[in-house]
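Here, residue 1 is the first one in the sequence, and each next residue gets the next number.
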Amino acid sequence: ESITTPKGVPLDVEIVRHPGSVVVVPVTSVGEIVLVRQYRHAIGRWAWELPAGTLEPAEDRARAAARECQEEIGLIPDALDPLGAFFPTPGYCDEEMAFYKATGLRVPGPHDERAAQDEDEDIETGAFSVERVHEMVRAGDIIDLKTVAGLALIERA
């Protein structure tokens, strides 16, 4: 796009337009955080992250968070509490990430809608104590900024 900056300077910029996303902080009945581990080609390594995903067109954010929770960890949350929404890379992308705390995690029943992992996903899950998750951040096992942000949000919720 060709824009004029607030100071009046003409500038050509590249902007990634994004439909938005949700990030889920699944908390088990014993207070553990459920993370997913998946390969991220852009960085050439596996990473532990919070479940997350892109919004479908006109999709309700809370519904998307419940869908992503089921798709990525196989559990349905009975409660979703909004934690906030943030722009992770506002310098070049308009993606807004909405964060949710998911509790009351349960296995899908016969009357629940079904959600499955995307075709390109190869996901491992793990439940970790909050203390262990902090150790994973310090050790460099958690390198994803949305995950670090979600963990910080859950501590103040």
Side-chain angles (χ1 to χ4, degrees), residues 16-90 93-157:
V16 175
R17 299 294 180 196
H18 193 284
S21 61
V22 293
V23 182
V24 183
V25 186
V27 181
T28 69
S29 60
V30 295
E32 293 180 318
I33 309 291
V34 182
L35 300 175
V36 296
R37 183 176 179 261
Q38 53 188 328
Y39 185 76
R40 295 299 194 181
H41 180 72
I43 60 172
R45 64 184 279 193
W46 290 83
W48 283 104
E49 305 173 358
L50 289 170
T54 301
L55 293 168
E56 306 275 338
E59 185 176 25
D60 174 78
R61 289 175 168 187
R63 186 171 174 83
R67 174 181 52 77
E68 286 297 334
C69 191
Q70 185 181 4
E71 282 180 11
E72 295 199 2
I73 69 170
L75 300 172
I76 295 175
D78 282 335
L80 286 166
D81 298 316
L83 298 171
F86 305 94
F87 294 90
T89 52
C93 182
D94 67 352
E95 176 185 12
E96 184 176 27
M97 290 183 158
F99 290 74
Y100 288 87
K101 177 181 178 182
T103 56
L105 303 173
R106 63 180 175 80
V107 175
H111 302 292
D112 290 315
E113 289 184 37
R114 296 289 179 213
Q117 288 181 8
D118 292 337
E119 213 174 85
D120 63 337
E121 292 178 321
D122 183 10
I123 295 176
E124 169 189 343
T125 63
F128 304 93
S129 69
V130 172
E131 180 181 287
R132 177 67 185 121
V133 168
H134 286 292
E135 290 171 6
M136 293 168 76
V137 171
R138 287 189 297 274
D141 296 323
I142 294 176
I143 54 169
D144 172 61
L145 197 52
K146 76 176 176 306
T147 300
V148 174
L151 297 171
L153 289 169
I154 200 75
E155 290 183 3
R156 67 175 190 93

Visitor: Are the side chains of Leu50 and Ile33 in touch, meaning some heavy atoms are under 4.5 Å apart?
Guide: yes

Visitor: Are Leu105 and Cys69 close enough, and set up right, to give a side chain to side chain contact (heavy atoms under 4.5 Å, CB included), and what steps lead you there?
Guide: CA-CA 9 Å; Leu105 303 173; Cys69 191; 4.0 Å; yes

Visitor: As an exercise, state the distance from CH2 of Trp48 to CE of Met136, rounded to the nearest 0.5 Å.
Guide: 5.5 Å

Visitor: Rounded to the nearest 0.5 Å, what separation is found between the CD1 atom of Ile76 and the CZ atom of Arg67?
Guide: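 Ile76 CD1 to Arg67 CZ: 13.0 Å, rounded to 0.5 Å.
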
Visitor: What do the steps show when you test Asp141 against Arg132 for side chain to side chain contact (heavy atoms under 4.5 Å, CB included), and what is the final call?
Guide: CA-CA 11 Å; Asp141 296 323; Arg132 177 67 185 121; 4.3 Å; yes

Visitor: Between Tyr100 and Ala65, which heavy-atom pair has the shortest distance, and what is it?
Guide: CD1-CB, 3.7 Å

Visitor: Considering non-hydrogen atoms only, spot the tightest contact between Ala102 and Val24 and give its length.
Guide: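 Taking every non-hydrogen atom into account, CB-CG1, 3.6 Å.
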
Visitor: Which heavy-atom pair separates Glu59 from Glu56 by the least distance, and what is that distance?
Guide: OE1-N, 2.8 Å

Visitor: Could you pull out the closest heavy-atom pair between Ser129 and Glu32, with the gap in Å?
Guide: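 Heavy atoms of Ser129 and Glu32 come nearest at N-CG, 4.1 Å.
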
Visitor: How many angstroms lie between atom CZ of Arg37 and atom CD1 of Ile123, to the nearest 0.5 angstrom?
Guide: 12.0 Å

Visitor: Could you tell me which residues satisfy side-chain contact (heavy atoms from CB on, under 4.5 Å) with Arg63, sequence neighbours excluded, listed by chain and number?
Guide: Asp60, Glu113

Visitor: In the structure I gave you, are the side-chain heavy atoms of Val22 and Pro51 within less than 4.5 Å of one another anywhere?
Guide: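 Result no, sub-4.5 Å side-chain heavy-atom pair not found.
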
Visitor: Apply the test side chain to side chain contact (heavy atoms under 4.5 Å, CB included) to residues Leu35 and Thr125: give CA-CA distance (whole Å), side-chain angles for both, the deciding distance (0.1 Å), then the verdict.
Guide: CA-CA 6 Å; Leu35 300 175; Thr125 63; over 6 Å; no

Visitor: Of the non-hydrogen atoms in Glu72 and Ala52, which two are nearest, and what is the gap between them?
Guide: OE2-O, 2.8 Å

Visitor: Tell me, with the steps shown, if Ile143 and Arg45 meet side chain to side chain contact (heavy atoms under 4.5 Å, CB included).
Guide: CA-CA 10 Å; Ile143 54 169; Arg45 64 184 279 193; 3.6 Å; yes

Visitor: Of all heavy-atom pairs between Phe87 and Pro90, which one has the smallest distance, and what is that distance?
Guide: O-CD, 3.3 Å

Visitor: If I take atom OG1 from residue Thr147 and atom CD from residue Glu49, how far apart are they, to the nearest 0.5 angstrom?
Guide: 5.5 Å

Visitor: Are Phe86 and Leu153 close enough that some pair of their side-chain heavy atoms sits under 4.5 Å apart?
Guide: yes

Visitor: Can you list the residues that meet the side-chain contact (heavy atoms from CB on, under 4.5 Å) rule with His18, with sequence neighbours excluded?
Guide: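 Testing His18 for side-chain contact (heavy atoms from CB on, under 4.5 Å), a comparison that skips the adjacent residues, returns Ser21, Thr54, Cys93, Asp94, Glu95.
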
Visitor: Just to verify, what does Glu96 make a salt bridge (charged side-chain N to carboxylate O under 4.0 Å, His left out) with, not counting sequence neighbours?
Guide: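 By the salt bridge (charged side-chain N to carboxylate O under 4.0 Å, His left out) rule, Glu96 matches Arg61.
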
